[in-house]
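Just follow the structure's listing: the first ligand is 1, and inside any ligand the first atom is 1. The first residue of the sequence shown is numbered 1, and numbering continues consecutively from there.
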Amino acid sequence: MDLAEITDPERPYTRRSFTALFLEGRALVARRFVEAGLSVRLDKAGNLIGRIEGRDPSLGVIAIGSHSDTVPSGGRFDGIAGVATGLEIVRALRDAGTRLDHTLEVIDFLAEEPSEYGLSCVGSRGMTGSLDGRMLDLVEPGGEPLRDALGRVGGDPDRLGEAKRSDVRAFLELHIEQGIVLESQSLDIGVVSSIVGIRRIEIVFDGEADHAGTTPLHLRHDALVAAAQTVGLVRRVAEELDREGSDYFVATVGILTVEPSASNIVPGRCRLVIDARTTAPALTTRFVETVDRESKAAAARLRVRRSAFTTLSDGPPVACDPDLQTALRRAAEDLGLKQTDLPSGAGHDAAFMSRICRSAMVFVPCRAGKSHAPEEWADRDAVAAGAAVILQAVQALDRS
Ligand code: HGY
Ligand code: MN
Ligand code: MN
Ligand code: MN
């Protein structure tokens with residue numbers, strides 16, 4: 001809860017990556033790591049890593065983690081509940097006088113939320129060799145390239161290779177569900193079966209700024225009308241694809257900027273970012289083809305130039321490790337908790353960690369399924385139950 005106080009007073013629970021607020025929050029997390037007896041380091045991808053050596057270093061690492069950054073006007077549990085879980089598990093093991101055979105790490109991944117760069121999971125991409133030069137060259141509108149921001153928060157874009165891990169045997173992430181299934185069915189635990197694939201696309205329309213009073217409609221080059229038709233198109237195509245079969249498909253335009261943005265100027269430039277998610281990559285291909293074709297047609301009709309249609313990121317759907325899922329189900333059962341398997345419509349660091357090790361997640365209920373909003377809330381006992389499941393699974397893993 002202390003972390004929730006480190007926020008933008010104008011926008012509650014905001015600690016956007018790469019900002020002073022994020023760094024202040026991260027310093028608090030690092031202090032908690034040290035207080036818990038962890039050795040602490042920042043890797044070259046900007047991840048904060050707490051570590052406690054196991055009795056047999058040859059066995060490698062079991063890692064638990066999530067992220068401490070937030071979306072704008074976010075909540076108090078998205079991400080940080082998973083980092084706090086790792087800390088509590090370290091404390092519980094220490095209080096029980098238990099030292100694992102495996103080395104245990106608690107990880108606060110850098111920039112899990114898509115920052116102004118439109119790229120999510122920067123830290124876990126870096127830890128898994130999935131952060132490439134094109135991504136590092138992304139520039140936030142009017143700001144510094146991602147590579148410079150990464151250097152500013154303790155990473156090193158020129159030594160990212162050192163962040164790639166091969167010694168992690170298993171990764172477990174606790175996260176609030178950010179959906180309504182668990183609460184509506186009075187369930188305690190969600191064992192995550194898969195994590196949705198996410199494609200993010202930037203589209204820019206360049207028209208001509210003009211006087212809103214003296215420019216006849218047929219002479220305008222209105223970038224916002226082209227963008228608005230594209231936003232409607234995104235929703236229409238997503239509904240068609242989502243209705244089609246059993247696979248999940250959603251698409252959102254969460255960013256739309258208008259320039260010069262004045263009531264009496266015909267908009268000259270518009271930038272929008274599409275976030276498309278599905279459990280079936282073939283649907284994304286069809287979505288992108290349709291939006292590409294029809295947004296170009298809208299621009300032509302309106303005598304506007306579609307000056308950019310760029311994939312910012314493209315992560316495939318990921319199946320969580322089946323053996324870890326079994327261990328989590330067994331732990332929930334041993335603890336007498338009510339559970340279900342369910343897919344994740346949210347993206348997570350666990351998806352990237354699956355590229356280097358066995359990776360799985362536990363969801364805990366959050367009030368009314370609300371997330372990415374100040375109303376986000378999870379009961380302490382609910383998070384504690386999830387942490388107990390992960391602790392039990394970690395101890396079973398350690399013995400296996
Ligand atoms: O956007 C997401 O799915 C996650 O909350 N970062
Ligand atoms: Mn989030
Ligand atoms: Mn999250
Ligand atoms: Mn996550």
Among the N/O/S atoms of H372, select the one at the shortest distance from the Mn ion (ligand 2) and name it. NE2
Kindly give the atom name of the N, O or S atom of E113 closest to the Mn ion (ligand 2). OE2
H67 ring center within less than 6.0 Å of F22 ring center: no
List ligand 1 atoms under 4.0 Å from A346, heavy atoms only on the residue side. 3 (O)
Within the distance-only criterion (no hydrogens, no angle test), does the side chain of T103 pair as donor or acceptor with the backbone N or O of G54 below 3.5 angstrom? yes
Tell me, please: is Q178 in heavy-atom contact with ligand 1, that is, under 4.0 Å? yes
With a cut-off of 4.0 Å, which atoms of ligand 1 are near a heavy atom of E112? 4 (C), 6 (N)
Of all N, O or S atoms in D78, the one closest to the Mn ion (ligand 3) is OD1
Atom indices of ligand 1 within 4.0 angstrom of E113 heavy atoms, with elements: 4 (C), 5 (O), 6 (N)
Please identify which atoms of ligand 1 are closer than 4.0 Å to at least one heavy atom of H372. 1 (O), 5 (O)
Is D398 salt-bridged to R169, going by a charged N under 4.0 Å from an acidic O? no
Which part of R277 is near ligand 1, with near meaning a heavy atom under 4.0 Å away: side chain, backbone, both or neither? side chain
Can you name the N, O or S atom of H175 that is closest to the Mn ion (ligand 3)? NE2
V364 and L182 have their tightest heavy-atom pair at C-CD1, 3.6 Å
If the threshold is 4.0 Å, N to carboxylate O, is there a salt bridge linking E239 and R236? no
Output field: ring centroids Y117/F18 closer than 6.0 Å: yes
Which bit of H348 gets closer than 4.0 Å to ligand 1, counting heavy atoms only: side chain, backbone, both or neither? neither
Check this for me, if you would: do R271 and E202 make a salt bridge, where the nitrogen-to-carboxylate-oxygen distance has to be below 4.0 angstrom? yes
Under a 3.5 Å distance rule, please check whether D188 uses its side chain to pair with a backbone N or O of K338 as donor and acceptor. yes
Just distances here: any N/O of G345 and N/O of ligand 1 closer than 3.5 Å? no
Hey, are D8 and T14 close enough side-chain-wise for a donor-acceptor pair under 3.5 Å? no
Within the stated cut-off of 2.8 Å, is an N/O/S atom of H67 closer than that to the Mn ion (ligand 3)? yes
